[in-house]
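One is the number of the first residue; the rest follow in order along the sequence.
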Amino acid sequence: MRLRLARRRHAAGATSSLAISEAVEPHGRNELQARGPDPFRPDRRLRWRDHFVLTEHLLQLDSIHPEHDGLRIAQLSDVHVGQATSDVRIRRAVAAVNEAAPDLVFLTGDYVTHSPKPLPRVRQLLQGLNGPVFVVMGNHDHWVDAPYLRMSFEALGYTVLQNEHRVVHVKGAPVTVLGIDDGLTGMANVEATFRGAPTTGTRLVLAHTPPTAEQLPAHAGLVQFSGHTHGGQFIVRGLTEAIFRRAGQPYIRGHYRVNGNHLYVNQGLGFGFGGPYLRRGSTPEVAFFTLRTSQAAHVGAT
């Protein structure tokens, strides 16, 4: 199985029927101006802090059910509702996910930062995601109030997984979604998550902390979707990687192969671009994935 980066595009530059995702042009310092009306900013201006990128990835897998050739997944991670992240950025990200109409939506942790004050806004800003939505918790969620967040997401009809799995039928075949709780706070229990779960077919793992991938059953045809690192947050070549390795986080962004399985580390939607926590060399991201069977991908390439 392999994961290949297919294409990368700016959210504000995507062709779309939604004005908020239409092309933009520079307008003054640190600002973008939409060419169409923006329902979230009546003055038609999108500040730089409202910006993010959409990334597109192709997952070629031997293990998935044939009916899942072409299955689409959207991943949001590390939203960090509060002063660290623009509300407009979050709402635009939700709209971008819905516009893409994925078959599954994954939320992989850290919906708040340190304060409990933004807790009610998490539900307000992340409501309305279409399709089956699966949620796992991050370290900041446990530090603030994970039970409150679980209740909020379940009230929206989203499925929260804390060392649990669910089987959902998508495109006429079962998908097993395995949600492992946060590893940094010691809440992860991989054994409990996999107990009783199918051992074949399409199996997708959600875990906030990337090193959890080291605990998965080896060579099991699994893909783990994670976040936590913000893509390195502030990139200084060589130094950032060394700091993360020293902190026990060798997986910073993008695709990795771990014990025969695959891991994707999302750069996260929150922080940076005018907030109190700077980003450099790591742009806020909404990631999309298309699953292809290896056989179908080979036929398509001939």
Side-chain angles (χ1 to χ4, degrees), residues 71-82 85 87 89-98 100-170 174-198 202-209 212 224-228 266 268-270 286-287:
L71 185 141
R72 293 272 291 162
I73 298 168
Q75 183 196 12
L76 287 169
S77 194
D78 300 88
V79 177
H80 289 284
V81 173
T85 309
D87 285 4
R89 187 195 306 172
I90 298 170
R91 289 189 288 176
R92 291 182 64 236
V94 169
V97 169
N98 285 340
D103 299 293
L104 297 169
V105 179
F106 294 161
L107 307 181
T108 50
D110 277 4
Y111 311 102
V112 290
T113 307
H114 300 297
S115 171
K117 291 182 180 179
L119 283 169
R121 287 167 53 205
V122 173
R123 177 176 172 178
Q124 296 167 8
L125 293 174
L126 290 176
Q127 67 181 336
L129 286 165
N130 298 328
V133 181
F134 293 90
V135 181
V136 292
M137 296 295 168
N139 52 297
H140 285 276
D141 306 319
H142 282 288
W143 290 338
V144 177
D145 196 337
Y148 181 96
L149 288 166
R150 176 165 188 149
M151 176 186 66
S152 296
F153 284 125
E154 290 179 338
L156 295 174
Y158 302 168
T159 301
V160 180
L161 300 174
Q162 293 182 271
N163 302 318
E164 306 164 76
H165 68 270
R166 293 289 186 276
V167 177
V168 57
H169 278 73
V170 181
V175 177
T176 303
V177 182
L178 302 114
I180 303 171
D181 212 342
D182 176 63
L184 186 64
T185 53
M187 304 299 291
N189 189 329
V190 175
E191 181 181 357
T193 305
F194 278 77
R195 189 179 299 130
T202 306
R203 297 182 300 158
L204 308 172
V205 179
L206 282 62
H208 179 65
T209 49
T212 301
Q224 177 178 305
F225 299 87
S226 295
H228 183 61
N266 192 297
L269 186 68
V286 177

Item to check | Closest approach of Gly270 to Thr85 (non-hydrogen atoms, all atoms of both residues) | outcome: CA-OG1, 3.2 Å
Checklist entry - Is a side-chain N or O of Asp182 found less than 3.5 angstrom from the main chain of Thr209, in a donor-acceptor match? => result no
Checklist entry - Hey, what do you get for NE2 (His208) to CG (Asp110), rounding to the nearest 0.5 Å? => result 3.5 Å
Item to check | Residue pair Pro198 / Val167, side-chain heavy-atom distance below 4.5 Å | outcome: yes
Checklist entry - Looking only at heavy atoms, what is the nearest atom pair of Asp141 and Gly138, with distance? => result OD2-N, 2.7 Å
Let me have the donor-acceptor pairs involving side chains of residues 115-122, under 3.5 Å, with sequence neighbours excluded, atom names and distances please.
from   : atom 1 : to     : atom 2 : distance (Å)
Ser115 : OG     : Lys117 : N      : 3.1
Arg121 : NH2    : Asp87  : OD1    : 2.6
Arg121 : NH2    : Asp87  : OD2    : 3.1

Next on the checklist: What's the separation between atom CD in Gln124 and atom CZ in Arg91, rounded to the nearest 0.5 Å?
Outcome noted: 10.0 Å
Next on the checklist: As an exercise, state the distance from CZ of Phe225 to CG of Leu204, rounded to the nearest 0.5 Å.
Outcome noted: 5.5 Å
Checklist entry - Which atom names give the shortest non-hydrogen contact between Asn163 and Asp181, and what distance separates them? => result OD1-N, 3.1 Å
Next on the checklist: Working to the nearest 0.5 angstrom, can you tell me the gap between Met151 CE and Leu149 CG?
Outcome noted: 9.0 Å
Next on the checklist: Among residues at least two apart in sequence or on other chains, which ones pass ring pair (Phe, Tyr, Trp, His ring centres under 6.0 Å) with Phe134?
Outcome noted: none
Next on the checklist: Under the rule for side-chain hydrogen bond (donor to acceptor under 3.5 Å, both in side chains), what residues qualify as partners of Gln75, not counting sequence neighbours?
Outcome noted: Thr108, Asn266
Next on the checklist: Can a donor-acceptor pair be found, under 3.5 Å and without considering hydrogens, that links the side chain of Ser77 to the backbone of Gly268?
Outcome noted: no
Checklist entry - Side chains of Leu129 and Asn98: closer than 4.5 Å at any heavy-atom pair? => result yes
Item to check | Smallest separation among heavy atoms of Ala188 and Gly183, with atom names | outcome: CB-CA, 3.9 Å
Next on the checklist: If you define the side chain from C-beta out and look only at heavy atoms, does anything of His142 sit under 4.5 Å from Met187?
Outcome noted: yes
Checklist entry - So do the side chains of Val94 and Leu125 get within less than 4.5 Å of each other, counting heavy atoms only? => result no
Checklist outcome for this item: In this structure, CD1 of Ile180 is separated from CG of Asn189 (nearest 0.5 Å) by 9.0 Å
Checklist entry - Are Thr212 and Val205 close enough, and set up right, to give a side chain to side chain contact (heavy atoms under 4.5 Å, CB included), and what steps lead you there? => result CA-CA 10 Å; Thr212 301; Val205 179; over 6 Å; no
Checklist entry - What residues form a salt bridge (charged side-chain N to carboxylate O under 4.0 Å, His left out) with Arg150, not counting sequence neighbours? => result Glu154, Glu164
Next on the checklist: Please enumerate all residues that pass ring pair (Phe, Tyr, Trp, His ring centres under 6.0 Å) together with Phe153, with sequence neighbours excluded.
Outcome noted: Tyr111
Item to check | Donor-acceptor contact below 3.5 Å, side chain Arg89 vs main chain Leu269 | outcome: yes
Checklist entry - So, does Asp103 use its side chain to make a donor-acceptor pair with the main chain of Arg72 at under 3.5 Å? => result yes
Checklist entry - Looking at Thr193, Val177, Leu206, which one forms a side chain to side chain contact (heavy atoms under 4.5 Å, CB included) with Leu161? => result Val177
Next on the checklist: Could you tell me if the side chain of Pro132 sits less than 4.5 Å from the side chain of Leu104, heavy atoms only?
Outcome noted: yes
Checklist entry - What is the distance from atom OH of Tyr148 to atom CZ of Arg123, rounded to the nearest 0.5 Å? => result 8.0 Å
Next on the checklist: Suppose we screen for ring pair (Phe, Tyr, Trp, His ring centres under 6.0 Å). Which residues come up paired with His140, at least two apart in sequence or across chains?
Outcome noted: His80, His114, Trp143
Item to check | Shortest non-hydrogen contact from Val286 toward Ala93 | outcome: CG2-CB, 3.8 Å
